[in-house]
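Please read the structure below before turning to the comments.
In what follows, chains are A, B, ... by sequence order, proteins preceding strands, each numbered from 1.
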Amino acid sequence: MNDLARTRERRESRNRWLLLTPALVILIFAASGPLLITLVYSFLTAGDYGGIKWDFSTDAWFNVFFQRDIFDDTLSFADAHLSIFWRSVKLSLLTTLGAIVLGFPTAYFIATRPKHHRDFWMLLIMIPFWTNLLIRTFAVMELIRNEGTLNTLLMAISVIDAPLQILFSETAIIIGMLYVYLPLMVLPLYASMERLDFSLIEAGYDLYASRLAVLRRIILPLVKPGLIAGSILVFVPSLGAYVTPRVMGGGKQLMLGNLIELQFGQGRNWPLGAALSITLLAIVMVALLFYVRVAGRERGGHG
Amino acid sequence: MIEISGVSKAYGAGKARVMALNDVSVSIAQNEFFTLLGPSGCGKTTLLRVIAGFVDPTEGTVTMDDDNLLALPPHRRPVNTVFQNYALFPHLTVRQNIAFGLEMLGKPKAEITETVEEMMVLVQMDGMADRQTSQISGGQQQRVALARALAPKPKVLLLDEPLSALDFKLRKSMQIELKRLQTETGITFIFVTHDQEEALTMSDRIAVMHAGSIRQIGPPREIYDQPAERFVADFIGDTNFLPVKIITAQGSEAQVELGSGKRIAARVNKEHSDGDATTLAVRPEHARVVPEADGLMTGRLCNLVYFGTDTHYHVDLDDGIRFVVRVQNNTDMARSAAQGDRIGVTFPAGIGQVLRD
Amino acid sequence: MAKTTGFDIKRQYGFTTIAMICFVSLYLPVILLVVYSFNAGSSVAIWEGFSLQWYRSAWANDQVQEATIRSLIIAFWAALISTSVAVLAALATTRVRRFRGYSAVFAAINQPLMVPEIVTAVALLIFFAGIKVQTGYTGLGYLVVAHSAFCIPFAYLPIRARLQGMDLTLEQAAADLYASSFQVFRRITLPQLWPGILAGAMLAFVISLDDVVITEFVKSAGQDTLPTYMLGQLRRVVTPEVNAISTVLLALSVTMVIAFFFVTRIRK
């Protein structure tokens with residue numbers, strides 16, 4: 001390489017980093033940096049009234065999974081935490097499942113519309129997604145609460161005598177999360193269905209497959225990458241959900257997000273809160289890495 | 001065995017109504033290699049899809065061995081299709097693709113395994129069973145598509161331009177291969193193509209289609225030598241069209257008068273009255289270039305085009321018509337005429353075909 | 001008329017029904033929410049006639065007014081800052097050869113999309129708490145910075161998409177016609193990039209306006225934005241006043257989103 005090229009390259013590189021500096025400063029200051037501090041905090045001792053003391057300790061991490069009985073000092077699994085972990089995973093999985101059941105036919109419906117109509121249907125899916133999550137959660141809450149439209153209607157036509165208590169239950173959280181995250185399932189599913197080669201479906205029918213067999217043996221395997229992507233896109237935010245379980249669960253049915261918040265409020269155990277949120281982050285990162293691999297294969301594979 | 005009668009298919013309505021098929025009737029016999037030939041948009045693929053069950057005709061009936069095919073959804077019809085783009089399932093291996101139809105029919109495992117092996121041998125793909133369909137060449141994909149469609153032993157195999165994606169040499173060898181398969185399996189083949197040569201080499205019978213209807217049905221030689229109408233003559237091979245007048249017509253023979261005033265015998269397959277003005281089709285390879293004095297017609301040689309195996313003489317006849325004569329090149333043949341020369345053109349009696357229009 | 005099966009290969013039983021249920025249930029709750037914001041009574045389920053009283057009472061509510069103004073101020077600054085830095089970042093990372101650190105930069109920019117909000121919120125709470133103690137500053141700055149950070153990827157992506165679709169030869173042609181690199185940017189790149197920048201800014205504005213979780217954790221006392229105010233209200237008896245506030249916010253977001261769709265479709 002001659003001098004001229006080297007100088008030029010050096011100048012390009014300097015310009016590049018100059019252009020990137022403002023964005024990186026903000027991101028390091030208000031995104032990446034604080035995460036590192038959180039990691040540090042998870043290894044410190046809890047202060048008496050919130051905050052921390054600068055003493056190294058692995059107690060927080062220990063307490064994520066275990067608890068020591070205050071009377072006989074025996075070690076056991078942290079039931080309260082584990083049950084919340086379990087609920088978070090369970091509700092997120094059920095939400096994902098529900099999103100597949102509802103989202104798959106919806107994406108298929110859109111993908112089988114005439115080409116010039118599809119954008120319209122997708123816009124219908126995307127508008128709710130870009131509107132305020134709290135308001136949407138709130139809208140569902142108004143619908144299913146005891147004095148809500150659903151119960152009022154059901155009682156008015158005498159299907160039920162007393163209002164159905166749906167709100168503040170796990171079911172309510174699932175309904176809420178399903179409602180707010182459904183578009184995240186439809187989007188990648190639609191993307192892979194839109195590219196579906198319908199002559200393959202014809203070939204299936206030609207070879208004596210019934211509708212169900214075509215769905216199971218041809219359509220499903222072909223859109224699997226979209227299905228996996230959608231599942232992860234729904235599962236990840238469900239796992240870290242905070243607003244929906246707070247509004248729909250009414251503070252009774254805690255999920256991970258609420259448990260983390262608790263440590264910074266009443267719990268006054270910042271290191272534990274930090275450790276819990278790093279744990280959540282780790283789970284999410286594993287799921288996302290999996291997603292990146294699937295997405296990469298999708299792009300590299302057929303189509 | 002397949003009886004198609006009065007089948008029409010219309011798309012759209014009112015002014016935008018398009019007839020993809022217009023009152024098509026044809027019967028196809030058992031063990032026949034039957035070809036639907038025509039330019040794109042002539043309705044040949046639509047007709048194939050009607051038989052397969054992917055298109056519902058607006059009118060007409062389709063029966064197979066007296067069973068009403070139209071009452072069956074595609075997955076209940078004992079016909080299989082080789083798709084134009086093969087439509088191999090990308091998520092399945094070669095073996096799984098071939099086994100698919102048999103599995104759907106609920107055949108026992110042992111039988112499936114056996115049939116798949118048999119099919120692999122039949123299409124000369126043995127040893128490739130566990131490849132992904134994306135890992136094999138276009139010609140091999142073609143063979144897999146064939147094997148997959150043949151495996152359930154359908155009564156009729158539908159082939160939708162299956163060779164169009166292959167290169168020239170492969171296409172040639174697959175043509176022979178297909179004919180062999182058809183003879184060996186004894187299955188009725190209904191083959192769709194726009195390639196006249198493909199149709200002529202393989203078929204027992206050809207139906208030439210145009211604008212949604214069948215214009216002529218017959219064995220390849222008959223279609224080529226005795227085209228019924230201008231479209232057929234024009235679409236298949238090269239043809240010279242000469243305006244003629246019928247002098248006498250009797251049965252399949254007629255005396256016609258050419259533009260030059262000379263008269264010659266020609267074939268005719270429709271009633272004509274004496275004195276009718278009509279068109280005579282003469283194949284370029286059936287004509288000869290002769291000295292001006294010996295010609296049925298005379299004109300000026302305006303172009304000589306060399307094609308390797310033969311040479312085309314483009315002659316501007318005295319009545320203003322361009323006439324092409326194809327002469328096979330022989331090494332000992334001396335160049336008989338040069339551009340601009342006045343020459344004569346002639347063809348044997350009884351070889352020209354009087355067209356229907 | 002031929003008697004046929006009418007078999008449609010694209011059809012799957014029940015799929016259209018489920019899809020219709022989906023579309024209806026996506027919109028029904030929100031539509032009810034809007035409808036009841038005009039209710040004359042104080043119920044959000046029993047219709048008692050049309051009235052604008054809840055809009056009036058919301059507007060008369062000092063807390064709502066303050067929260068609205070605060071939301072708009074934060075969203076304005078967050079959109080301005082995040083879009084500005086995103087333009088620069090997009091210029092540095094688009095249409096260039098992959099450079100050392102490219103993946104890290106890309107990951108950093110998109111981090112707010114990947115990390116669960118609650119995790120970021122907690123991290124910011126910890127970090128800003130320390131700064132608050134050190135400096136004593138408790139103003140809106142924290143919220144503006146936090147919002148700017150998580151708005152960066154939303155501003156960045158449409159700008160980058162626009163930049164990627166741009167014709168490089170135009171800039172080369174300008175350079176060929178003696179334009180300096182700044183002139184090329186000012187006269188060629190920027191005008192073409194404008195729809196992308198607008199789209200990015202609108203998206204950032206909406207995202208900032210809608211944020212609940214990070215705001216809830218970062219805000220100091222008395223710094224409620226509209227969403228956090230509403231979250232606080234949900235613990236109490238719900239009156240259509242919340243519906244009225246929601247409707248206004250909703251109208252704002254939907255307008256922005258639809259505008260976004262059209263802006264991103266401006267011909268390149």
- Output yes when a side-chain donor or acceptor of B:Glu198 lies under 3.5 Å from a complementary backbone atom of B:Asp195, and no otherwise. no

- Item | C:Tyr156 and C:Thr83 side chains, donor-acceptor separation under 3.5 Å | no

Donor-acceptor pair, side chain of C:Ser253 and main chain of C:Val206, under 3.5 angstrom = no

Paired with B:Ile190, the side chain to side chain contact (heavy atoms under 4.5 Å, CB included) test is passed by just one of B:Val26, B:Leu157, B:Ile2, namely B:Ile2

Ignoring hydrogens and angles, state whether a donor on the side chain of C:Ser208 or C:His147 is under 3.5 Å from an acceptor on the partner side chain.
yes

For residues 9-23 of chain B, the side-chain hydrogen bond (donor to acceptor under 3.5 Å, both in side chains) pairs (sequence neighbours left out) are none

Residues 72-86 of chain B vs chain C, non-hydrogen distance cutoff under 4.5 Å, contacting residues -> B:Leu72, B:Pro73, B:Pro74, B:His75

Sequence neighbours excluded, the answer for side chain to side chain contact (heavy atoms under 4.5 Å, CB included) partners of C:Ala179 is C:Ala174, C:Gln183, C:Val184

Residues of residues 43-56 of chain B with a heavy atom under 4.5 Å from any heavy atom of chain C, in residue-number order, are B:Phe54, B:Asp56

Checking the side chain of C:Thr94 only, and the main-chain atoms of C:Leu91 only, is there a donor and an acceptor separated by less than 3.5 Å?
no

query: Using a distance-only test with no angle check, is there a side-chain donor-acceptor pair under 3.5 angstrom linking B:Ser5 and B:Thr61?
result: yes

